[in-house]
There are 2 protein chains.
Amino acid sequence: MELNIYIELLKNKNLKVTQHRLEILRFLDKNRTHPSLEQVYSYIKEKFPSISKMTVYNVIDSLIENKIINSMRFVNSTELHVDFEIDTHFHFVCSKCGHIYDIDSELDLEKILKNGGHKADDYNVNIYGVCKKCLKK
Amino acid sequence: MELNIYIELLKNKNLKVTQHRLEILRFLDKNRTHPSLEQVYSYIKEKFPSISKMTVYNVIDSLIENKIINSMRFVNSTELHVDFEIDTHFHFVCSKCGHIYDIDSELDLEKILKNGGHKADDYNVNIYGVCKKCLKK
DNA sequence: TCTTATATTGTAATTGTTACAACTTGGAGC
DNA sequence: GCTCCAAGTTGTAACAATTACAATATAAGA
């Protein structure tokens with residue numbers, strides 16, 4: 001049963017396995033559209049109509065903290081977006097349609113930070129512009 | 001008189017030259033600390049005690065729109081930050097002290113987006129970790 | 001099954017931002 | 001300089017994202 005993947009992810013981090021966490025993980029895994037918390041909430045509400053928005057915040061917080069999912073913000077909006085793919089850090093944001101594309105690339109942090117002395121944990125690259133589809137219109 | 005620089009910047013974009021805009025520009029130029037709008041507001045309030053926060057939002061909006069300044073958001077906070085340096089796109093954010101460092105580097109957008117077909121206008125690179133100073137403590 | 005640490009819930013408060021309508025001002029043209 | 005209008009400023013109110021917190025419920029180990 002595929003849910004096992006998510007159960008494993010949670011157990012490996014000593015997080016309790018709850019229906020909410022499993023369903024949010026499954027949603028993020030199947031829908032890699034970098035949803036905002038509001039979007040996660042409105043999906044999850046269909047499955048668990050009585051779920052509290054606070055639960056969504058709590059679940060997302062613990063998933064981020066345990067590096068099970070990624071989070072990012074974009075200049076044009078206030079809200080936090082999340083992403084199941086923990087290794088994708090480059091995003092292209094279309095200013096016309098708002099769609100967020102994953103871009104397959106990576107930074108050479110060593111080279112970038114060279115003798116600066118800072119110790120990096122993570123990074124986000126956001127590229128803004130007009131996407132392929134919108135250019136064609 | 002140094003204010004001429006800022007007057008030129010505004011005139012080049014057909015923006016009216018107001019005391020508020022000049023002072024905000026001067027502040028951002030002299031304090032390249034990537035302040036949040038709240039920080040800009042609390043500084044500017046000392047010079048113009050009767051200034052409205054809305055004016056700060058408006059001034060910042062038009063400066064961003066006219067590419068006189070840069071804007072960015074970081075995962076750990078909701079607020080928009082701004083930066084006089086229009087060409088600096090890499091930032092290192094320290095999770096201990098919160099300091100935001102400019103990192104001198106650039107992306108090769110052509111190479112990154114290659115055959116993707118998107119047209120890029122701008123980008124932001126945020127690197128998260130612990131800074132030099134905090135590592136020494 | 002009992003227990004307890006961890007999750008969930010709901011409410012209220014806080015913070016960042018936007019909408020909007022009234023008023024003011026910069027600067028172009030006389 | 002004076003007049004005028006588009007652009008800038010103001011304040012208030014509404015909205016949206018997030019946090020704080022205390023009460024309740026539940027997962028999972030003993």
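Because the structure is predicted, anything quoted here is derived from the model rather than measured.
For the pair Phe84(B) and Leu25(B), the minimum side-chain heavy-atom distance is below 4.5 Å. In this structure, the side chains of Ile64(A) and Leu80(A) come closer than 4.5 Å at one or more pairs of heavy atoms.
If you check residues 77-84 of chain B against DNA chain C, the residues with a heavy atom closer than 4.0 Å are Thr78(B), Glu79(B), Leu80(B), listed by number. A heavy atom closer than 4.0 Å to some atom of DNA chain D occurs in Lys16(A), Val17(A), these being the qualifying members of residues 9-21 of chain A. Of the residues in residues 38-75 of chain A, Met54(A), Tyr57(A), Arg73(A) come within less than 4.0 Å of DNA chain D through at least one heavy atom, sorted by number.
Residue pairs meeting the salt bridge (Lys or Arg N to Asp or Glu O under 4.0 Å) criterion with at least one partner in residues 59-78 of chain B, sequence neighbours excluded, do not occur; the list is empty. Among pairs with a residue in residues 6-17 of chain A, those fulfilling side chain to side chain donor-acceptor pair (under 3.5 Å) read Tyr6(A)-Asp29(A), at least two apart in sequence or across chains.
By the side-chain hydrogen bond (donor to acceptor under 3.5 Å, both in side chains) test, His89(A) is found to be paired with Asp122(A), residues two or more places apart in sequence or in another chain being considered. Every residue two or more places apart in sequence or in another chain that forms a side-chain hydrogen bond (donor to acceptor under 3.5 Å, both in side chains) with Lys45(A) is listed here: Tyr41(A). Take Tyr123(A) and apply the side-chain hydrogen bond (donor to acceptor under 3.5 Å, both in side chains) test, not counting sequence neighbours, and it matches no residue. Asp83(B) pairs by the side-chain hydrogen bond (donor to acceptor under 3.5 Å, both in side chains) definition with His91(B), not counting sequence neighbours. Applying the ring-ring contact (aromatic ring centres under 6.0 Å, His included) test to Tyr43(A) and every residue at least two apart in sequence or in another chain returns Phe27(A).
Interatomic distance, Ile100(A) CD1 to Ile127(A) CD1, rounded to the nearest 0.5 Å: 13.0 Å. Distance CZ/Arg21(A) to CG/Leu15(A): 5.0 Å, rounded to 0.5 Å. Interatomic distance, Ile69(B) CD1 to Ile60(B) CD1, rounded to the nearest 0.5 Å: 4.0 Å.
Tyr128(A) places a side-chain N or O within 3.5 Å of a backbone atom of Val75(A) that can act as its donor or acceptor partner.
Note: His118(B) and Tyr101(A) have tilted aromatic rings, judged against thresholds of 30 and 60 degrees for the angle between ring planes.
With a cutoff of under 4.0 Å to any heavy atom of chain A, the contacted region of DNA chain C is bounded 5' to 3' by dA5(C) to dT17(C). Bounding nucleotides for the chain B contact on DNA chain D, 5' to 3', at a heavy-atom distance below 4.0 Å, are dA6(D) to dT18(D).
A donor-acceptor contact closer than 3.5 angstrom links the side chains of His34(A) and Asp102(A).
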